[in-house]
Student: 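Mind looking over this structure? Questions follow.
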2 protein chains.
Amino acid sequence: MDSNKKFLNGTLNTIVLALLRENGKMYGYEICQLTKDKTNEKILLTEGAIYPTLHRLEKEGMITSSKEKVNGRIRKYYAINKSSLQEVDSQINLLSQFTAHLRTLLNLSA
Amino acid sequence: MDSNKKFLNGTLNTIVLALLRENGKMYGYEICQLTKDKTNEKILLTEGAIYPTLHRLEKEGMITSSKEKVNGRIRKYYAINKSSLQEVDSQINLLSQFTAHLRTLLNLSA
DNA sequence: CAAATATACATAAGACATTTAGGTATAGCT
DNA sequence: AGCTATACCTAAATGTCTTATGTATATTTG
């Protein structure tokens, strides 16, 4: 009841892909933090959601992981596969259209 | 894979409330049709989703139904309970904020 | 006028993403 | 030494939605 958690459903996949497209490569924890920062703590991705999502996207062949040791800890970076860039664009466009239609339905400007 | 069906998850409740708030009273089939028309057939509400949603909202005390016979067929109209108007506004605002943040994340203007 | 389509409601099984809750481990600060 | 931040992971439970059916009347069309 507190945040807009329930609205996230279905959009997480595309959020991840959009952030990866913009930033080249990112790791799970970083995706959570950046989302928190960019949305003023209004959209909070949980680790229980983000990691299975990343694993699924890799399994589907959309992204590829690579491990790097940074400051003694291992980070698992993910990047979009070049062959999937078009599909990623398409998915982001779909979500973009959806939010636009939603705002029309809700009678919101812009 | 064709439409943006998956994005709907979590927003249906609020869409229904927003349409009811704007139009005073509506029946299930009408909500589906209006949504289809307003979004250029991009957001399609299915009957398997809309009716359980209306039932749930009524059970929760957010809306109230009333049956009317129109053209020989019975229609079940729903309207927002006055005591819930504030809660409805609040929910619509939350969804509005969510879509705004989402558009920021996706690097979309407006 | 018979058949197909549109209108209008409803329910139930199944799919599926996310929440909630737990677990491991290292680095850095107090 | 203990707490917090970083960083990964998994699994059971939850809950919405899809898909598939079912019923029934009104209207359109061949």
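First the proteins, then the strands, lettered A, B, ... as listed; each starts at 1. Fair warning: this is a prediction, and the values are worked out from it, not measured in the lab.
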Student: Nearest nucleotide by nearest heavy atom, which residue falls closer to the 5' end of DNA chain C, A/Asn71 or B/Leu54?
Tutor: B/Leu54
Student: Which part of the nucleic acid, if any, lies within contact of B/Gly48, taking any heavy atom under 4.0 Å across all strands shown: a base, the sugar-phosphate backbone alone, or nothing?
Tutor: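 Counting heavy atoms under 4.0 Å across all strands, the contact made by B/Gly48 includes a base.
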Student: Rounding to an integer number of Å, can you tell me how far A/Ile43 CD1 sits from C/dT18 P?
Tutor: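 So the CD1-P distance, A/Ile43 to C/dT18, works out to 12 Å.
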Student: Just so I know, are the side chains of B/Ile80 and B/Met62 near enough to count as touching, which here means a heavy-atom distance under 4.5 Å?
Tutor: no
Student: Using the side-chain heavy atoms of B/Asn9, tell me which of these nucleotides is nearest: C/dC9, D/dT16, D/dA7.
Tutor: D/dT16
Student: Strictly by modelled atom types, are A/Glu22 and B/Asn107 linked by a side-chain donor-acceptor pair under 3.5 Å?
Tutor: yes
Student: Could you state the NZ-P distance from A/Lys25 to D/dA7, rounded to the nearest angstrom?
Tutor: 13 Å
Student: Once you round it to whole Å, what is the distance between P of C/dT20 and CD1 of A/Ile50?
Tutor: 16 Å
Student: Between atom CZ in A/Phe7 and atom C1' in C/dA17, what is the gap in whole Å?
Tutor: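 So the two atoms are 16 Å apart, to the nearest Å.
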Student: Please state whether the rings of A/Tyr77 and A/Tyr27 are parallel, tilted or perpendicular, taking 30° and 60° as the class boundaries.
Tutor: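 The arrangement is perpendicular - the two ring planes meet at more than 60°.
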Student: Any side-chain N or O of A/Thr53 under 4.0 Å from OP1/OP2 of C/dA17?
Tutor: no
Student: Using whole Å, what does the distance between atom C1' of nucleotide C/dT7 and atom CD of B/Glu68 come to?
Tutor: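 Between C1' of C/dT7 and CD of B/Glu68: 16 Å.
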Student: Both B/Pro52 and A/Glu30 contact DNA chain D. Taking the nearest nucleotide for each, which residue is further toward the 5' end?
Tutor: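 Taking each residue's closest nucleotide, the earlier one in sequence belongs to A/Glu30.
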Student: Using modelled atom types only, decide if a donor and an acceptor are shared between the side chain of A/Thr104 and the backbone of A/Ala100 within a distance under 3.5 Å.
Tutor: yes
Student: Does D/dC8 have OP1 or OP2 under 4.0 Å away from a side-chain N or O of A/Tyr51?
Tutor: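 Answer yes for this pair, as a side-chain N or O of A/Tyr51 is under 4.0 Å from OP1 or OP2.
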Student: By nearest heavy atom, map A/Gly28 and B/Asn13 onto DNA chain D; which one lands nearer the 5' end?
Tutor: A/Gly28
Student: Identify, between B/Arg73 and A/Arg56, the residue whose nearest nucleotide on DNA chain C lies closer to the 5' end.
Tutor: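 Comparing both residues, the 5'-ward one is B/Arg73.
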Student: Calculate the interatomic distance between B/Leu34 atom CG and C/dA6 atom P; express it in whole Å.
Tutor: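 Value for this atom pair: 18 Å.
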Student: Using whole Å, report how far OH of A/Tyr27 lies from P of D/dC8.
Tutor: 7 Å
Student: Which whole-number value in Å describes the distance from B/Leu45 CG to D/dT18 P?
Tutor: 8 Å
Student: With the side chain of A/Tyr29 defined as its heavy atoms from C-beta on, choose the nearest nucleotide among D/dA5, D/dC17, C/dT19.
Tutor: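 Nearest to the side chain of A/Tyr29 among the choices is D/dA5.
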Student: Mind checking B/Glu47 for me? I need base, sugar-phosphate or nothing, with any heavy atom below 4.0 Å counting as a touch.
Tutor: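 Answer is base: heavy atoms of B/Glu47 come under 4.0 Å of a base.
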Student: Is B/His55 near enough to C/dC9 that one of its side-chain N or O atoms lies under 4.0 angstrom from OP1 or OP2?
Tutor: no
Student: Which part of the nucleic acid does A/Arg75 contact within heavy-atom distance under 4.0 Å: base, sugar-phosphate only, or nothing?
Tutor: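 Result for A/Arg75 = sugar-phosphate.
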Student: Of the candidate nucleotides C/dT18, C/dT19, D/dC8, which contains the atom at the shortest distance from the side chain of A/Thr46?
Tutor: C/dT19
Student: Would you say D/dC9 has OP1 or OP2 under 4.0 Å from some side-chain N or O of A/Lys76?
Tutor: yes
Student: I'd like to know if A/Glu68 pairs up with A/Lys25 as an ion pair, taking the criterion as any Lys NZ or Arg NE/NH1/NH2 lying under 4.0 Å from an Asp or Glu carboxylate oxygen.
Tutor: yes
Student: Do A/Leu102 and B/Thr11 come close enough that some side-chain heavy atom pair is under 4.5 Å?
Tutor: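 Yes; the side chains approach each other to less than 4.5 Å.
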